[in-house]
Amino acid sequence: MSRRYLVWSLSYAALGMALGIYMAASHNHGQLVTHAHVLMVGFVLSLVYGIIHRLWLDAPRRAVAMTQFVLHQLAAVALLAGLFMLYGGKAGEETLEPLLGIGSVGVLAGMLLMLYMVLRPGRARSAEPGAPDQAAA
């Protein structure tokens with residue numbers, strides 16, 4: 001899972017940087033909110049989730065881990081697409097509210113699932129070298 005998150009994270013980073021370069025070159029910064037969300041929700045949050053999987057999650061339930069991964073990616077794409085259309089003037093706020101709402105709630109639900117996996121007894125480990133696993137504690 002950590003590699004999947006890393007690949008998606010770097011993809012969001014490239015997309016966010018490309019959008020930033022486009023805005024700078026065109027002198028049109030209308031997509032600033034979208035740019036920030038691509039980098040924070042897409043790049044940073046996916047990278048953090050990958051790090052959590054690599055350092056702290058020993059053996060999360062595969063179904064929960066995959067559900068969390070798919071939920072986060074679908075919700076992030078929905079949110080980012082909605083913001084892109086909104087700030088690009090392709091559709092009005094009233095039209096995009098359901099998509100933006102679903103994306104936002106989906107990102108939150110993905111965060112809560114990650115919190116569940118981290119807090120679930122016997123499934124997390126310490127990232128400190130030489131520290132005992134929480135499962136053994």
Side-chain angles (χ1 to χ4, degrees):
M1 289 306 290
S2 61
R3 181 170 172 78
R4 287 180 183 172
Y5 270 115
L6 179 61
V7 168
W8 276 84
S9 174
L10 295 173
S11 298
Y12 285 122
L15 179 64
M17 289 178 195
L19 182 55
I21 291 168
Y22 167 77
M23 288 188 308
S26 68
H27 302 286
N28 177 356
H29 294 86
Q31 290 288 353
L32 185 62
V33 173
T34 308
H35 169 71
H37 279 77
V38 168
L39 292 174
M40 292 304 295
V41 173
F43 171 55
V44 174
L45 196 50
S46 289
L47 183 62
V48 168
Y49 287 161
I51 291 168
I52 289 170
H53 270 280
R54 180 61 115 196
L55 297 180
W56 286 284
L57 298 181
D58 210 11
R61 288 187 181 156
R62 180 148 176 80
V64 175
M66 188 56 73
T67 298
Q68 191 275 335
F69 174 80
V70 170
L71 177 62
H72 174 73
Q73 300 311 329
L74 288 176
V77 168
L79 178 62
L80 302 175
L83 289 171
F84 186 79
M85 289 186 286
L86 178 65
Y87 289 100
K90 304 297 182 203
E93 190 173 340
E94 57 284 340
T95 303
L96 293 170
E97 274 182 354
L99 180 62
L100 293 169
I102 289 168
S104 298
V105 171
V107 170
L108 175 60
M111 176 63 75
L112 294 174
L113 276 174
M114 181 57 72
L115 179 62
Y116 166 77
M117 288 189 290
V118 168
L119 293 177
R120 190 162 173 259
R123 295 295 182 194
R125 65 178 180 264
S126 174
E128 298 295 323
D133 288 351
Q134 288 179 1

Is there side-chain contact between Arg54 and Arg3, with heavy atoms separated by less than 4.5 Å? no

Heavy atoms only: give me the nearest Leu71-Ala109 pair and the separation to one decimal. CD2-CB, 3.6 Å

Report whether Ile52 and Leu45 are members of the same hydrophobic cluster (ILVMFWY, side-chain heavy atoms less than 4.5 Å apart, transitive linking). yes

Is Met17 atom CE crowded by more than 12 heavy atoms from other residues, nucleotides or ligands, each under 6.0 Å away? no

Hey, is the main chain of Val107 close enough, under 3.5 Å, to the side chain of His72 for a donor-acceptor pair? no

Residues that Leu6 engages under side chain to side chain contact (heavy atoms under 4.5 Å, CB included), provided they are two or more places apart: Leu10, Leu47

May I ask you to decide if Phe43's main-chain N or O and Ser9's side chain share a donor-acceptor pair within less than 3.5 Å? yes

For the atom pair OH (Tyr5) and CD1 (Ile51), what is the distance rounded to the nearest 0.5 Å? 12.5 Å

Same apolar cluster: Met117 and Val70, side chain cutoff 4.5 Å: yes

Can you tell me how far the CG atom of Leu15 sits from the NE2 atom of His35, to the nearest 0.5 Å? 10.0 Å

Side chains of Met1 and Gln68 in contact at under 4.5 Å (non-hydrogen atoms): no

Given side chains that start at C-beta, do those of Tyr12 and Gln73 come closer than 4.5 Å, heavy atoms only? yes

Determine whether Arg61 and Tyr116 satisfy the following criterion, side chain to side chain contact (heavy atoms under 4.5 Å, CB included), listing intermediate values before the conclusion. CA-CA 11 Å; Arg61 288 187 181 156; Tyr116 166 77; 3.9 Å; yes

Has Gln31 got a side-chain atom pairing as donor or acceptor with Phe84's backbone, closer than 3.5 angstrom? yes

Quick one: CD1 on Ile21 to OG on Ser26, what's the gap to the nearest 0.5 Å? 12.0 Å

So if you build clusters from Ile, Leu, Val, Met, Phe, Trp, Tyr with side-chain heavy-atom gaps below 4.5 Å, do Leu39 and Leu19 land together? no

Could you work out, with side chain to side chain contact (heavy atoms under 4.5 Å, CB included) as the rule, every residue matching Met40, not counting sequence neighbours? Val44

CD1-CG distance between Ile102 and Leu74, expressed to the nearest 0.5 angstrom: 11.5 Å

Heavy-atom nearest pair, Leu96 first then Met85, reads CD2-CE, 3.7 Å

Partners meeting side chain to side chain contact (heavy atoms under 4.5 Å, CB included) with Leu83 (sequence neighbours left out): Val33, Thr34, His37, Leu79, Tyr87, Leu100

Euclidean distance, Met114 CE relative to Leu57 CG, rounded to 0.5 Å: 6.0 Å

Please lay out, stage by stage, how Phe69 and His53 fare under the test side chain to side chain contact (heavy atoms under 4.5 Å, CB included). CA-CA 11 Å; Phe69 174 80; His53 270 280; over 6 Å; no

Path from Tyr49 to Val105 over hydrophobic side-chain contacts below 4.5 Å: no

In one Ile/Leu/Val/Met/Phe/Trp/Tyr side-chain cluster, 4.5 Å: Leu80, Val7: no

Determine the minimum heavy-atom distance between Ser2 and Gly50, stating which atoms define it. CB-O, 3.3 Å

